Every structure is written in structure tokens, then in C-alpha cells.
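None of these values were measured; they are calculated from a predicted model.
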Amino acid sequence: MRIRRVRLRNFRSHAETEVGFDFGVNAIIGQNGAGKTSLLEGIAYALFPELFRGVTSDLTRRGSGSMEVELEFEQGGRRYLVWRKRDRSGPQARLMVRRDSGWSLLQTSQRDVSAELARILGTNPEAFVTAMYVRQGEIFGFLEKRASERTKTINRLLGGELFDRMERDLGEALGRFRSRLERLEGEISTLERQLKATDQFRDDLSSVDAELERIESQLGSLETRLKSVEREEEKLRELRDAYLKLAQAREQAERDLRDCRRRISQIGSQLESLNQELVRLDELKSLAEFEPLLTELDSLIRSENALRAELSSLEREQRSLDEARRNVERLGSLREEYERISLELEGVSKSLAMVEEKAQRAERLWAQLREARERLQRVEGRLRGLLNRLPPYLGLGDLDSLCRESGRLLSEARRVGRALTELEKRIEYAKGWMKFPQELLSALDSTPDECPLCGSRLDAGGVSRVRGRLRAELDRGKAELGSAEAELSRISELREALEEFERLAEEADLQSAIAERAALVEKVEEFEGELRALEADLRKRDEMAARRAELQARLSELQNRLVELGAAESLVKRLSPREEDLLARIETLKHEINEIRGRRDELLAKLGAAVRDIDSALRQAKEARRKLKELEELIERRGKLSALLSEEKRREDEIERRLSEISVSIEALGFDEDRYSEILEELTRLREEVQELVAKRENLKGRREELMRQLEEVKRLKSALGEAKKERDKLASFARALEEVRRSFGREGIQRALREAARPVLEHYANEILSKFGVDFDRLELSEDYEVSLIRGGDRFSFRQLSGGEQVALALSLRLGLAKAMAGTSLESILLDEPTVHLDSERRRELVSAIGELDLPQVIVVTHSGEFEEVASSLYTIEKRGGTSVVMPSVSMG
């Protein structure tokens with residue numbers, strides 16, 4: 001499979017991204033969190049969405065209701081296009097193939113598309129993530145696993161889950177067969193126990209028949225006695241019914257007699273009370289004669305009170321009119337003051353509103369300032385944590401120097417790398433150059449009279465001069481070498497410090513933290529400056545609020561006063577026209593009051609000195625007149641009560657006579673209550689005994705029928721026992737065979753055989769790839785539990801014994817070998833997600849170099865390291881802008 005392009009819409013942090021991939025190494029470079037891994041996840045989701053089961057909701061970009069992924073790839077010389085979408089309605093999918101006429105649709109449902117892709121690619125999700133898609137930090141994953149984990153991984157790649165499932169299914173089936181066997185054993189045991197009880201059933205049947213005969217005899221005797229007692233009970237019940245009727249009649253007569261005597265007593269009491277009331281008749285007649293005079297006097301008093309009340313009201317109205325006229329005179333000056341204070345209050349309120357807006361702005365600024373300071377403290381805390389971990393060699397003493405020097409140090413790291421390379425070349429050159437004068441000196445020592453350069457003859461002085469120049473050149477070379485080596489030591493130390501600084505800066509995302517700190521410092525200074533500008537206006541707020549409150553209080557006071565004066569003005573307008581009528585009515589009322597007072601004095605003279613309280617006297621007179629009417633009614637009622645008393649005494653005599661006749665009849669009846677109770681008890685006992693015997697008889701009949709049925713059942717049980725034993729033997733034999741089949745599907749059966757068969761295939765592919773890396777080993781070998789070793793001569797080397805470059809080559813060979821073993825000749829692409837993470841600088845360089853040497857049509861690698869620029873044939877840069885990932889156009893590195 002070779003990937004041609006991928007398109008993401010609202011996937012993770014990608015709003016709309018499309019990337020095309022070429023042959024060779026395709027490097028996707030960007031900072032952490034820029035959205036690089038999301039491109040590989042999009043490819044994986046398009047091929048195997050089941051890898052993201054449980055986290056699909058996290059794939060949709062925040063704020064979007066749906067997401068789409070489109071992937072175009074080549075497989076077996078044909079081009080395919082897979083499209084997947086997920087929204088609130090659920091997943092959707094399409095798979096198309098490129099034909100001469102254009103794209104043709106192959107499948108449309110999520111499940112059918114996945115099944116068809118698995119068929120086309122010849123692989124499954126497990127094989128994809130184990131071999132073809134190397135996730136972050138997993139380049140050495142298989143090599144570093146324990147033996148049991150490696151075995152599990154190989155089992156899954158070889159379809160071990162299917163065998164495990166078959167083993168579980170067969171185990172469940174075997175459990176069901178064993179349960180059936182246990183039930184059959186229980187049934188056989190039960191049948192055997194039941195057959196042993198056959199003789200007991202016959203003995204029980206004889207006992208039941210004898211007991212039935214005894215109960216039938218006893219039941220006949222009881223039923224004869226029961227009939228005799230029932231006849232006697234019937235006669236006594238008739239006598240009892242007659243007795244109860246007479247007893248009820250006697251009780252009723254006694255109640256009637258008591259009621260009659262109570263009524264006689266009540267009537268006598270009422271007559272006595274009436275006679276006492278009639279004694280006051282003369283006294284009430286004399287009191288009732290004063291009622292007309294008292295009534296007139298009461299009416300005059302009420303009229304005088306009403307006239308006085310009206311007079312008082314009119315006089316108050318006259319006084320209110322005078323007061324209102326005085327208040328109207330002050331109304332003009334109060335209105336002028338009200339208008340003046342209203343204008344001043346309006347101005348103060350507007351000014352205060354402006355200050356309040358500034359205060360609200362200040363509160364918002366304080367909140368923003370606090371938030372900015374807190375964020376600044378957090379950012380500076382992160383930077384201080386980084387500062388404490390930096391090598392002292394760099395001489396960064398505080399945050400300002402860290403922020404100021406970080407860019408220079410990161411640039412210095414790249415420059416120092418180049419300088420170090422130059423120094424290494426310079427040292428090698430110096431060492432090589434020093435060999436020349438040394439060789440010449442050696443030649444001169446062996447042939448002192450011959451020039452080592454031209455071969456001419458030298459005298460003693462010439463030899464001395466040549467030897468001196470050669471030694472001077474050799475000393476100069478040694479000095480140059482010593483200087484270069486000292487500089488190399490210094491720069492190496494500097495490089496280690498800078499590499500540590502670069503690593504820590506990358507972990508802490510230093511550049512973004514410095515930028516964030518600078519922005520926050522600028523914000524804090526901006527907020528503080530604006531707050532200082534607002535401070536002077538805010539100091540006036542309390543003074544203005546106090547003045548506004550003072551003006552509002554005075555305005556409210558004036559408003560209330562104006563309302564009062566306005567009411568006075570209305571009163572003057574309303575009462576002035578009728579002032580003359582008001583004064584005339586006051587004089588009339590005074591005259592009428594004087595006339596009423598004269599008539600009142602006349603009536604008091606007639607009533608005499610005995611009447612002190614007119615209201616009380618009038619009430620007594622009215623009460624006396626009412627009592628007179630009641631007494632007249634009482635006289636009439638006394639006559640009716642006397643007649644009623646005579647009638648009740650006659651009724652009393654009649655009831656006493658009837659009560660005597662009932663007592664005589666009861667004596668003549670001769671009913672014996674005790675004998676009736678004895679008969680009832682005996683009747684109840686006999687019936688209970690009969691019912692008990694009938695119940696026993698029915699139970700025995702049921703028991704007899706059950707025994708007869710069980711004896712018939714015994715014959716069937718013998719046949720069933722034989723059939724059950726035959727089925728038990730068959731099931732036991734089948735269960736033994738099924739257990740053998742189940743064990744063969746276990747991890748030590750077929751799965752072990754598959755692992756053994758797959759091991760040489762994987763060794764072949766891994767050795768084929770390893771040979772292309774040029775490592776100094778004969779071959780790669782896999783043990784039974786897939787532990788990897790490298791063989792050189794007769795020696796065996798484990799993964800931990802290898803150098804960094806050899807480990808990288810071995811890891812890539814094994815991962816690609818796994819991929820080829822699973823995909824065969826169709827393996828054309830491999831996806832690497834941050835393969836250099838957690839690696840030191842040496843292993844990073846060796847891994848990058850090894851990936852560049854891969855004999856593979858297509859490699860797609862995601863990284864934040866610039867080292868892949870050297871081996872990439874296509875380079876993509878990705879960054880995040882406003883929370884959205886953006887991919888820069890591809891740059892060809894060829």
C-alpha cells in the first residue's frame with residue numbers, strides 16, 4: 001500500500017487540511033501540539049476506525065457537529081479512495097476504486113467498507129499498529145517487551161484471538177455437556193432410589209385400605225348421633241325464638257315506661273318554672289309605661305349629637321380654609337427652590353454615572369490585572385523551574401538573562417555544532433600534517449647527508465638548518481594541535497551544556513513561555529497605568545455620592561411640601577365659592593341645637609330624678625315590654641302542659657299493665673337456656689368430628705390414588721433408567737473428545753505451532769532488511785519466545801549489548817520484518833510518529849540515518865526535530881494558528 005493523499009475536515013485541530021505524499025521519506029515537522037500526529041491518526045482512522053473505539057467523540061473538532069476523513073492510496077496497482085464521516089446521526093463511509101471511466105463505488109456502510117479494506121490490504125488493525133504504524137516512542141517497543149508480552153503480540157498477529165475465542169466457546173460448550181452429565185447422574189440416582197421403594201408402596205397401599213374401612217365405620221356411628229342431636233336442637237331453637245320475641249317485647253315496654261316517667265318529671269319542672277315567672281307580671285307592667293317618653297328623649301339626644309358632629313366638621317373645614325390660604329402664599333418660593341435643586345441633582349447624577357462607569361472599568365481592570373499577575377507567576381514559576389535545572393556553565397542567573405539569552409543560546413547550539421565539526425577536521429588535519437615533518441626527520445636521521453625532500457647532498461650546516469626547520473614546523477603543529485584540542489574540550493563542554501539547554505527548552509516549550517511572559521508583563525504594565533489614570537476620578541466618587549444623597553433628600557422634602565401646598569391650593573379653590581353658605585349653615589346648626597336642648601330638659605322633668613341613665617332606663621323599659629309579651633305566652637303554655645301531664649300519667653298505667661302480661665307469658669313458655677347451650681356445644685363437636693373424619697377419608701383416598709399412580713410409574717421408571725444410562729455413556733465419551741479438541745486450540749496447541757511456523761518467515765524478512773544497513777553481523781535469530789539475538793562468528797549478542805546505531809538498525813529491521821511478514825510484497829509504506837522521542841542525541845542521529853537508508857518506497861514520519869531535513873525527499877511544516885492546525889505547502893528536498 002502507498003498513500004497518495006489524506007484530507008481532514010474538523011478532525012482534531014484541523015479545520016480543512018489536505019496533504020499529498022510522494023515516494024521516499026515524507027517528513028512532517030512542527031512544534032508539540034501543532035497537529036502533526038492528527039495527520040497519521042486521520043490515515044489510521046480512515047483504514048481502521050475500530051482502533052479509536054471509545055474515543056471517537058474526541059476526534060471531532062471543538063465547536064463542530066461533524067468530522068470527515070478522506071484517504072487515497074494505491075494497492076496492487078490500483079487506486080482506492082476511502083471516505084468516512086461521523087456526526088450526530090452516527091458514522092458514514094464510502095469506498096471507491098479508480099477505473100478508466102472514473103471513480104466507481106465499491107461499498108457504502110461502515111462495516112462493509114472496513115471488511116472490504118481488510119480484504120484489499122490483507123492485514124488487520126493489530127498488524128497495522130504493530131508493524132506498519134509505529135506510534136510515538138514505540139520504535140524499540142517490541143524489543144523491550146517481556147517474553148510473555150512478545151508471545152501475546154505474535155499470537156494476536158497470527159489470529160490468536162480467533163483461537164482463544166474458539167477455545168472459550170468450546171470450553172463453554174464442554175461446560176454445558178458436563179452440566180448435562182451431572183443432571184443425568186442425578187436423574188439416574190433418583191430413578192434408582194425410586195425403584196428401591198416399590199415394596200414400600202404396596203405395604204402403604206394395604207395400610208391405607210384398612211384405615212379407610214375403619215374411618216367409614218366410625219363415620220356411620222357419628223352421623224346417626226348427629227341426626228338425633230339436630231332434631232332436638234331444632235325444637236329448642238323454636239322455643240328460643242319465641243322466648244327472644246317476648247324478652248324483646250318486655251325490654252321495649254321497660255324502655256317505654258322509663259321514657260314516660262322522664263317526660264312526666266320534665267313537664268312538672270316546666271310548670272313550676274312558669275309559675276315563678278308569672279309572679280313578676282305586675283312589676284313589669286309599671287316599668288313598661290315609661291317607654292314612649294324614654295324613646296323620644298333618646299331620639300332627641302341622638303339628633304343633638306348628630307348636629308354637634310356636623311357643626312364640628314363645618315368649623316374644622318373653615319379653619320382648614322384659613323390655613324390653606326396662608327400656605328398658598330408660600331407656594332411660589334418653594335417651587336423656585338425645587339427647580340434649582342432638580343437641575344443641580346441632574347448634573348451631579350450625570351457626573352456620578354460617568355464616575356461609576358470608570359469604577360466598573362477599574363473593577364474589570366483589577367480582575368484582569370489579578371488574572372494576568374497569576375498567569376505571570378505561573379509562567380515565571382515554569383521558567384524558574386527550568387532555570388534551576390540548567391547547567392551552571394551557561395551563567396544564566398535570573399529570569400531576565402534567561403529570556404534575553406535563550407534565542408542566542410539556541411542559535412549558538414547550532415553554531416557550536418558546526419564549530420565542533422570544524423575543530424575535529426582541524427585536529428585531524430593537524431595530526432595528518434605533523435606526520436610529514438616526523439617522516440622527514442626520520443629519513444634525515446637514517447641518511448643525514450641527503451635532503452629528504454629533493455635527495456640533494458647536504459653539508460653539516462645544511463643538515464642542521466633542515467633539521468631545525470622541520471623541528472620548528474613539528475613544534476608549531478604540536479602547538480596548533482594542543483590549542484585545537486583545548487578548544488575542542490571547551491566547545492565539547494559548551495555543546496553538552498547547550499544540548500542540555502536545548503533539550504530542557506524543548507521539554508518546557510521555552511520560546512512560547514518567554515513570549516507569553518513578555519506579553520503578560522506588557523499587559524500588567526498596561527493595566528497598572530490605566531488604573532493609575534482612573535484613581536483620581538474614583539476618589540471623587542464618595543464626595544459626589546454624598547452630595548447626590550443630600551440633594552435627593554432635600555428634593556424629596558420639597559416634593560412632599562409642594563404636594564401638601566398643592567392640596568391647600570386645591571382646597572382654597574374648592575371652598576372659597578361656598579364660604580358664605582358654610583357660615584350660614586354653622587349659625588343654623590347652633591340654633592337647632594339650642595331648641596333640642598330645651599325639649600330634652602322638659603322630658604327629664606317628667607321622668608323625674610329616678611332616671612339617672614337614660615340608655616339603661618330605655619333598655620329596661622324595652623326589656624319589660626318584651627317580657628310582658630312572653631308572660632302572656634307562658635300563661636297559655638301552662639294550660640297545655642297541664643293537659644299533657646294528665647295524658648302521660650294515663651300512658652304510664654297502660655305500660656305497667658302490658659309489662660305484667662309479658663312476664664306471665666315468659667313463665668308459661670318454660671324455655672331452658674342452659675340445656676340449649678349444651679345441645680349447641682354437642683352439635684358443634686359432632687360436626688367437627690364428622691368433618692375431620694371426612695377430611696381423613698378424602699386424604700386417604702388421594703393417598704391411595706397417588707400410590708396406585710406411583711406403582712404404575714415404577715414400570716416407566718425402569719425403562720427411563722435404561723435410556724438415561726445409555727445417554728450418559730454417550731455424553732461422557734463426547735465430552736472427552738471435546739476436551740481434546742479444546743486443548744488443541746489453546747496457546748500450547750495450534751497457536752504454538754503457528755508461532756513456530758512464523759518464526760523462520762519473520763527471521764528471513766528481518767535478516768533481508770538488516771543486511772542492507774551494513775552492520776557487522778552474520779544474521780539475526782529469534783528464540784522460541786521471540787527474543788532477538790545477533791550472531792557474529794560463533795558469538796551471540798543480545799539487544800542490550802549492541803551500540804546505539806546497531807540497536808536502531810535491529811529495531812527497524814524487526815519492525816519492517818513484522819510488517820513484511822504480515823503484508824508480504826504489498827508492504828510499501830510505513831508511518832512513524834515521533835520516532836526520536838525519548839532518544840539521546842546519538843541514537844537520534846543514528847535513527848534518522850537508518851530511516852534515510854531504508855529500502856522502502858514510502859516513509860511518512862512525524863517529528864519536531866529538524867534532523868530529518870537531511871534525509872527527507874519531501875518536507876511539510878505544520879503550525880497552529882488561532883487554535884487551528886495549518887500545513888505549509890510541500891517542499892521537495894531532491
Side-chain angles (χ1 to χ4, degrees), residues 1-49 51-52 55-56 58-64 66-74 79-86 132-137 506 509 511-512 515 828-837 848 851-852 856-894:
M1 177 186 71
R2 186 178 77 82
I3 297 169
R4 296 177 63 89
R5 67 179 180 88
V6 64
R7 183 178 70 84
L8 308 177
R9 189 179 73 80
N10 293 329
F11 186 91
R12 295 288 197 194
S13 58
H14 293 265
E16 187 69 46
T17 298
E18 183 168 354
V19 179
F21 299 102
D22 298 325
F23 284 98
V25 177
N26 295 262
I28 304 167
I29 298 178
Q31 293 296 321
N32 291 334
K36 307 183 299 298
T37 299
S38 299
L39 287 173
L40 301 187
E41 288 180 334
I43 296 171
Y45 180 79
L47 296 173
F48 301 105
L51 292 173
F52 299 87
V55 296
T56 51
D58 298 334
L59 300 179
T60 303
R61 187 167 175 260
R62 184 177 299 175
S64 303
S66 65
M67 66 86 171
E68 293 181 21
V69 176
E70 184 177 280
L71 179 68
E72 184 179 349
F73 65 92
E74 291 183 6
R79 286 168 58 190
Y80 295 92
L81 182 67
V82 57
W83 172 85
R84 296 188 190 270
K85 179 180 180 181
R86 175 173 286 276
M132 300 170 66
Y133 178 19
V134 182
R135 292 192 251 199
Q136 188 174 122
E506 184 179 342
D509 199 3
Q511 294 302 316
S512 63
E828 296 180 330
S829 299
I830 187 168
L831 310 179
L832 303 174
D833 185 5
E834 293 284 9
T836 62
V837 72
V848 171
I851 290 174
L856 199 65
Q858 187 182 55
V859 176
I860 299 174
V861 59
V862 160
T863 180
H864 65 275
S865 173
E867 294 167 331
F868 278 92
E869 295 181 15
E870 301 174 5
V871 299
S873 55
S874 295
L875 183 66
Y876 308 84
T877 304
I878 185 168
E879 60 184 43
K880 188 171 285 186
R881 299 175 183 172
T884 301
S885 297
V886 179
V887 179
M888 301 296 104
S890 169
V891 177
S892 177
M893 307 299 290

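- Distance OG/Ser874 to CD1/Ile860: 10.0 Å, rounded to 0.5 Å.
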| field | Derivation of the side chain to side chain contact (heavy atoms under 4.5 Å, CB included) call for Tyr133 and Glu41 | value | CA-CA 10 Å; Tyr133 178 19; Glu41 288 180 334; 4.1 Å; yes

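- Between Leu39 and Thr17, the closest side-chain pair of non-hydrogen atoms falls below 4.5 Å.
- Ser829 places a side-chain N or O within donor-acceptor distance of the main-chain N or O of Met1, the cut-off being under 3.5 Å.
- Between Leu81 and Arg5 the shortest side-chain heavy-atom distance falls below 4.5 Å.
- With Arg7 as reference, Glu16 is the one residue of Glu18, Glu72, Glu16, His14 to meet the side chain to side chain donor-acceptor pair (under 3.5 Å) rule.
- Side chain of Ser873 to main chain of Phe23: a donor-acceptor pair is present (N/O by atom type, distance under 3.5 Å, no hydrogens or angles).
- Val6 is listed as a side-chain neighbour of Phe21, based on a closest heavy-atom distance under 4.5 Å.
- With sequence neighbours excluded, no residue forms a salt bridge (charged side-chain N to carboxylate O under 4.0 Å, His left out) with Arg62.
- With hydrogens and angles left out, the side-chain atoms of Arg61 and Thr884 include a donor and acceptor closer than 3.5 Å.
- Taking Arg9 as the reference, Ser66, Glu68 meet the side chain to side chain donor-acceptor pair (under 3.5 Å) condition, with sequence neighbours excluded.
- Using a 4.5 Å cut-off on side-chain heavy atoms (C-beta onward), Tyr45 and Met67 make contact.
- In terms of modelled atom types and a separation under 3.5 Å, the side chain of Tyr876 and the main chain of Gly20 share a donor-acceptor contact.
- Residues Ile29 and Lys36 fail the side-chain proximity criterion, which asks for heavy atoms closer than 4.5 Å.
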| query | Could you walk me through whether Ser885 and Ile878 pass the side chain to side chain contact (heavy atoms under 4.5 Å, CB included) check? | reply | CA-CA 7 Å; Ser885 297; Ile878 185 168; 4.2 Å; yes

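- Within the 4.5 Å cutoff, the side chain of Glu834 has heavy atoms near those of the Asn32 side chain.
- Taking all atoms of both residues into account, the shortest heavy-atom contact from Leu40 to Leu832 is CD1-O, 3.7 Å.
- Closest of all the heavy-atom pairs between Ala34 and Glu879 is CB-CA, 4.0 Å.
- Tested against Glu74 for a side chain to side chain donor-acceptor pair (under 3.5 Å), the candidates Arg79, Gln858, Arg4 yield a single pass: Arg4.
- A donor-acceptor pair is defined here as one N or O able to donate and one able to accept, closer than 3.5 Å; such a pair exists between the side chain of Arg84 and the backbone of Ala46.
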